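Shown next, in C-alpha cells, is the structure this report addresses.
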Number of protein chains: 2
Amino acid sequence: MSRTYSIRDLADEFDITTRTIRFYETEGMLNPQREGQTRIYTPQDRVTLKLILRGKRLGLSLAESRELIGMYRPGLEPEANRPQLEKLLAVIEQRRSHLRQQLHDIERMMQDLDDAELKASEALAALKGA
Amino acid sequence: MSRTYSIRDLADEFDITTRTIRFYETEGMLNPQREGQTRIYTPQDRVTLKLILRGKRLGLSLAESRELIGMYRPGLEPEANRPQLEKLLAVIEQRRSHLRQQLHDIERMMQDLDDAELKASEALAALKGA
DNA sequence: ACTCAGGTTTACGTTAACGTAAAGGTAACT
DNA sequence: AGTTACCTTTACGTTAACGTAAACCTGAGT
C-alpha cells in the first residue's frame with residue numbers, strides 16, 4: 001500500500017549520492033527489495049537512512065549507528081535475551097554521556113564564537129572609522 | 001616566568017599520544033620552542049591544543065579548527081584587513097548554524113534514546129517477571 | 001662504561017567513508 | 001535503430017588523522 005522510493009528519490013531528498021546509499025547497503029545497514037535488478041526502498045528503509053545520517057551529523061561512526069539503529073528494528077528477535085539488553089542500556093548511557101560532553105563543548109564554543117565575533121566586528125568598525 | 005610543559009605532560013593531560021601532538025605541529029597548528037632537540041610548550045601552546053581537541057570532539061576537521069583558532073592568536077597581524085575579517089564573520093555564522101543543527105540532532109537523538117531505554121528496561125522487567 | 005627512560009626524525013601502514021571510473025543492462029522516447 | 005536516462009556491478013583511488021616501527025641522540029643514575 002504505502003509508497004516506495006527509488007535510490008534517486010532518497011539520494012535527492014537527503015542530498016547524498018547513490019554510491020553512498022549502496023555503500024550503506026554493503027555495510028549491512030539497508031536491505032531494499034529488488035524489482036529485477038533495481039532497488040526499491042520502503043518508508044522503513046527511508047527512516048533507517050534518516051537515522052544513519054542523523055548519527056553521522058553527530059559524529060557517530062557507521063558501526064556505532066548500526067548499534068543504535070538495531071534497537072529500532074521491530075520483529076528482529078522480539079524476545080531479546082538479558083545480556084544483550086543490558087549491554088544495550090550500557091551503550092545508551094555511554095552515548096548519553098558523550099552527548100552531554102558535546103553539549104558542553106558546544107556551549108563553550110558558542111561562547112568563544114561570541115567573543116570572536118565581537119572582536120571581529122569591532123576591528124571592522126575601527127577600519128571603517130579610519 | 002610562567003611554567004612550561006614537556007610533550008609528555010600534554011599528552012598525559014589530554015590523553016593523547018605524543019605522535020598526535022607532533023602531527024599537529026607538522027600541520028602548522030603548534031610551534032613550540034626548542035631546547036636543543038626537545039620541544040618546550042608554553043601555556044599558550046596548551047590552550048591551542050585544548051581548542052584543537054574541543055573542535056575535534058565537535059567533529060571539526062583540523063583545517064576547520066585551524067581557521068577558528070587563527071582568531072585567538074593575538075599579535076598575528078593586528079591590523080587584519082577587511083576581506084579577511086569579513087570572511088571570518090561568514091565562517092563564524094556558518095559554524096554557528098552547524099552547531100544549531102547539531103543541537104537539534106542531539107535533542108531528537110536524546111528523545112529517541114529515552115524511548116529506547118524505556119523499551120529496553122521494560123523488556124528486562126518482563127524477563128525478570130517471567 | 002653501561003643501561004635506561006625519555007626525547008627525536010623519517011617513513012611506511014591503516015581505517016573509515018565514500019569518490020570515481022569502466023563496462024554493461026533496460027525501458028522509453030524519437 | 002539510435003539515443004537518452006536511468007539503473008547495475010566491480011574495482012581501484014582518495015583523504016584525514018593518526019599508528020607503528022626503525023634508528024638515532026642524550027642526560028641521569030649505577
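Quick note: numbers below take in every heavy atom, side chains included, and nothing from hydrogens, waters or symmetry partners. Small disclaimer: the values here were computed from a predicted structure and weren't measured. Proteins get letters first, then strands, A, B, ... in listed order; numbering begins at 1 in each.
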Figure out the [atom1]/[atom2] separation between [X] and [N], and round it to whole Å.
| X | N | atom1 | atom2 | result |
| --- | --- | --- | --- | --- |
| A/E64 | C/dA16 | CD | C1' | 12 Å |
| B/M29 | D/dC18 | CE | P | 10 Å |
| A/I7 | D/dT8 | CD1 | P | 5 Å |
| A/I16 | C/dA17 | CD1 | C1' | 12 Å |
| B/R8 | D/dT26 | CZ | P | 20 Å |
| B/I40 | C/dG6 | CD1 | P | 16 Å |
| B/F23 | C/dT14 | CZ | P | 18 Å |
| B/Y41 | C/dG6 | OH | C1' | 14 Å |

Could you check whether the side chain of A/R22 and the base of D/dT8 have a donor-acceptor pair of N or O atoms closer than 3.5 Å, going by distance alone?
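Under the 3.5 Å cut-off, the side chain and the base do not form any donor-acceptor pair.
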Closest nucleotide among [options] to the [X] side chain:
| X | options | answer |
| --- | --- | --- |
| A/T20 | D/dG19, D/dA17, C/dG19 | C/dG19 |
| B/S6 | D/dT8, C/dG7, D/dA17 | C/dG7 |
| A/R39 | D/dT9, D/dC18, C/dA17 | D/dT9 |
| A/R19 | D/dA17, D/dT9, D/dA11 | D/dA11 |

Do B/I40 and B/L30 share a hydrophobic cluster, counting only Ile, Leu, Val, Met, Phe, Trp and Tyr and linking them when any side-chain heavy atoms are less than 4.5 Å apart?
no
Greater than 12 external heavy atoms within 6.0 Å of B/Q33's CD
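No, CD of B/Q33 has 12 or fewer neighbouring heavy atoms, counting only those of other groups under 6.0 Å.
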CD of B/E13: more than 12 outside heavy atoms within 6.0 angstrom?
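Enclosed: over 12 neighbouring heavy atoms sit under 6.0 Å from CD of B/E13.
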Under 4.0 Å between a side-chain N or O of B/K56 and OP1 or OP2 of D/dA16?
no
So, OP1 or OP2 of C/dA17: does either fall under 4.0 Å of a side-chain N or O from A/Y24?
no
Over all strands shown, is A/S61 touching base, sugar-phosphate only, or nothing at heavy-atom distances under 4.0 angstrom?
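Sugar-phosphate only.
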Under 4.0 Å between any heavy atoms, over every strand shown, what does A/T17 touch: base, sugar-phosphate, or nothing? Just pick one.
sugar-phosphate
Let me know, please, whether B/Q37 or B/A63 comes out on the 5' side of the other along DNA chain D by nearest nucleotide.
B/A63
Please find the pair of heavy atoms, one from B/D45 and one from B/N31, that lie closest to each other, and give the distance.
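For B/D45 versus B/N31, the nearest heavy atoms are OD1-N, 4.4 Å.
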salt_bridge(A/E25, A/R19) N-O dist < 4.0 Å:
no
